[in-house]
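Remember, it's 1-based here, ligands and their atoms both numbered in the order they're listed.
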Amino acid sequence: MGLRAFASGRVNLIGDHTDYLGGLVLPMAIGLGIEVTGDRGGNWVMLGSDRFDGVAEVPIGGVDDPATIEPRWARYVAAVVDEVKPDDGLVGMVQSTLPAGSGLASSAALEVAVACALGADRSDPVALAEACQRAEQRAVGVPVGIMDQLVALAAVEGSVLRIDCDALTLAQVPFPEDAEIVVIHSGQHRELSGSAYAERRAQCEEAEALLGRRLRDMSPVDVEALDDPVLVRRARHVTTENDRVDALAAALAADQLAYAGELLVASHASMRDDFEVSTPVLDEIVATVRGVRGVYGARVTGAGFGGCVVALCRPKTRINGPVVWRGRPAAGASVEILDDDQGVPRPR
Ligand code: GLA
């Protein structure tokens with residue numbers, strides 16, 4: 001019996017570089033994503049890809065070190081197999097509508113789609129997201145947070161997802177009817193393993209160790225007690241960004257779109273000046289897009305170091321440039337069993 005599993009990529013509206021510090025985030029699913037189709041059975045997971053060369057071939061018992069296998073994209077598959085420990089193998093294909101290396105969480109979508117296709121239990125999205133997060137950390141050795149995997153599993157159509165990454169609690173925030181999200185690509189490919197992501201995380205953890213408290217519990221004034229000006233900037237970004245998450249959630253719920261746009265712009269400045277993860281190209285796109293009639297605000301989204309800009313706009317706002325996606329929040333992961341008799345998909 002065939003099956004089809006789908007997981008969406010995401011765009012983060014606000015709350016970047018906060019998840020791995022137990023902070024707040026406000027992402028949404030975008031509907032572009034990764035689909036795994038295939039047949040369950042046997043003792044191997046064997047997947048081809050429409051985007052990447054080679055075949056991912058992994059025994060259901062897992063491999064010793066997923067980070068060493070080839071082709072490279074198979075590392076994510078191997079790490080997920082190892083976390084999920086499926087009873088049966090899977091032979092099939094991976095198809096993607098999501099540009100990789102764009103800051104739209106394509107690796108999390110791959111992990112979640114593969115986990116779902118392998119029959120992982122989706123009744124506890126936090127537990128499955130944690131398994132996929134561990135898989136990503138093991139596959140590429142980057143100490144990522146839980147946001148991308150959790151929004152891929154728990155997103156609900158029409159709402160953005162507020163995640164408290166310490167309590168691991170979720171709240172759906174309805175997206176305003178009279179607004180639209182537009183995602184614009186910088187053309188700068190972003191590879192987290194080669195970036196300063198781990199360095200930023202380490203700097204924040206050093207700030208927490210020096211101050212003896214967690215950044216999520218501190219105010220921007222508290223972090224001025226640090227001596228090192230670099231650590232002050234990093235910590236200030238995290239504390240102000242956490243505040244902006246709840247401010248944006250409230251602004252969206254109250255349909256205060258002009259204020260929501262200002263929060264995006266303030267977040268971009270913080271990512272650029274305090275966290276130093278923007279690039280001149282991203283800054284330029286944000287500046288240009290902000291000047292377009294109908295745009296409330298824009299910022300770099302995700303880890304930074306390249307990737308995409310997210311803009312909050314009036315519906316149908318015309319934006320020149322490489323628009324990757326536009327629309328309203330999409331749904332999270334789904335699995336369908338394909339009924340061989342009638343060829344009709346049946347939701348599972
Ligand atoms: C990447 C990571 C996430 C998060 C963002 C930055 O997407 O996978 O966990 O840290 O960067 O907000």
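- One finds the NE2 atom of H189 at 14.0 Å from the CZ atom of F305 (value rounded to the nearest 0.5 Å).
- Using a 4.0 Å cut-off to heavy atoms of Y20, the atoms of ligand 1 that qualify are 10 (O).
- For ligand 1, the atoms lying closer than 4.0 Å to a non-hydrogen atom of H17 are 6 (C), 12 (O).
- Interface of A303 with ligand 1, defined as ligand atoms under 4.0 Å from a residue heavy atom, comprises 6 (C), 11 (O).
- Taking every heavy atom of G145 and a limit of under 4.0 angstrom, the matching atoms of ligand 1 come to 9 (O).
- V126 and L153 fall into different hydrophobic clusters, where Ile, Leu, Val, Met, Phe, Trp and Tyr residues are linked whenever their side-chain heavy atoms come under 4.5 Å apart, directly or through other members.
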Next on the checklist: I'd like to know whether Y76 forms a ring pair (Phe, Tyr, Trp, His ring centres under 6.0 Å) with F52, so could you lay out the CA-CA distance, the side-chain angles of the two residues, the decisive distance to 0.1 Å, and finally the verdict.
Outcome noted: CA-CA 13 Å; Y76 297 99; F52 298 107; 9.0 Å; no
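- Between the side chain of D148 and the backbone N or O of A108 there is no donor-acceptor pair closer than 3.5 Å.
- Counting only distance, with no hydrogens or angles, the side chain of N12 and the backbone of G302 share no donor-acceptor pair below 3.5 Å.
- Checked against a 3.5 angstrom limit, the closest N/O atoms of D16 and ligand 1 fall inside it.
- Between V324 and the choices I184, V11, L32, the side-chain contact (heavy atoms from CB on, under 4.5 Å) rule is met once, by L32.
- Using a 4.0 Å cut-off to heavy atoms of M147, the atoms of ligand 1 that qualify are 4 (C), 5 (C), 12 (O).
- Counting heavy atoms under 4.0 Å from ligand 1, residue R10 touches it through the side chain alone.
- Atoms of ligand 1 found under 4.0 Å from any heavy atom of D19 (numbered from 1 in listed order, with element): 3 (C), 4 (C), 9 (O), 10 (O).
- Checked by atom type and distance alone, the side chain of S159 never pairs as donor or acceptor with a backbone atom of V156 at under 3.5 Å.
- Residue-ligand proximity: Q149 is placed with every non-hydrogen atom at 4.0 Å or more from ligand 1.
- Of all the heavy atoms in A7 and A109, the pair that sits closest is CB-O, 3.4 Å.
- Between T18 and ligand 1, a contact under 3.5 Å exists for no N or O pair.
- Considering only non-hydrogen atoms, atom 1 (C) of ligand 1 lies nearest to D148 out of D148, I14, V144.
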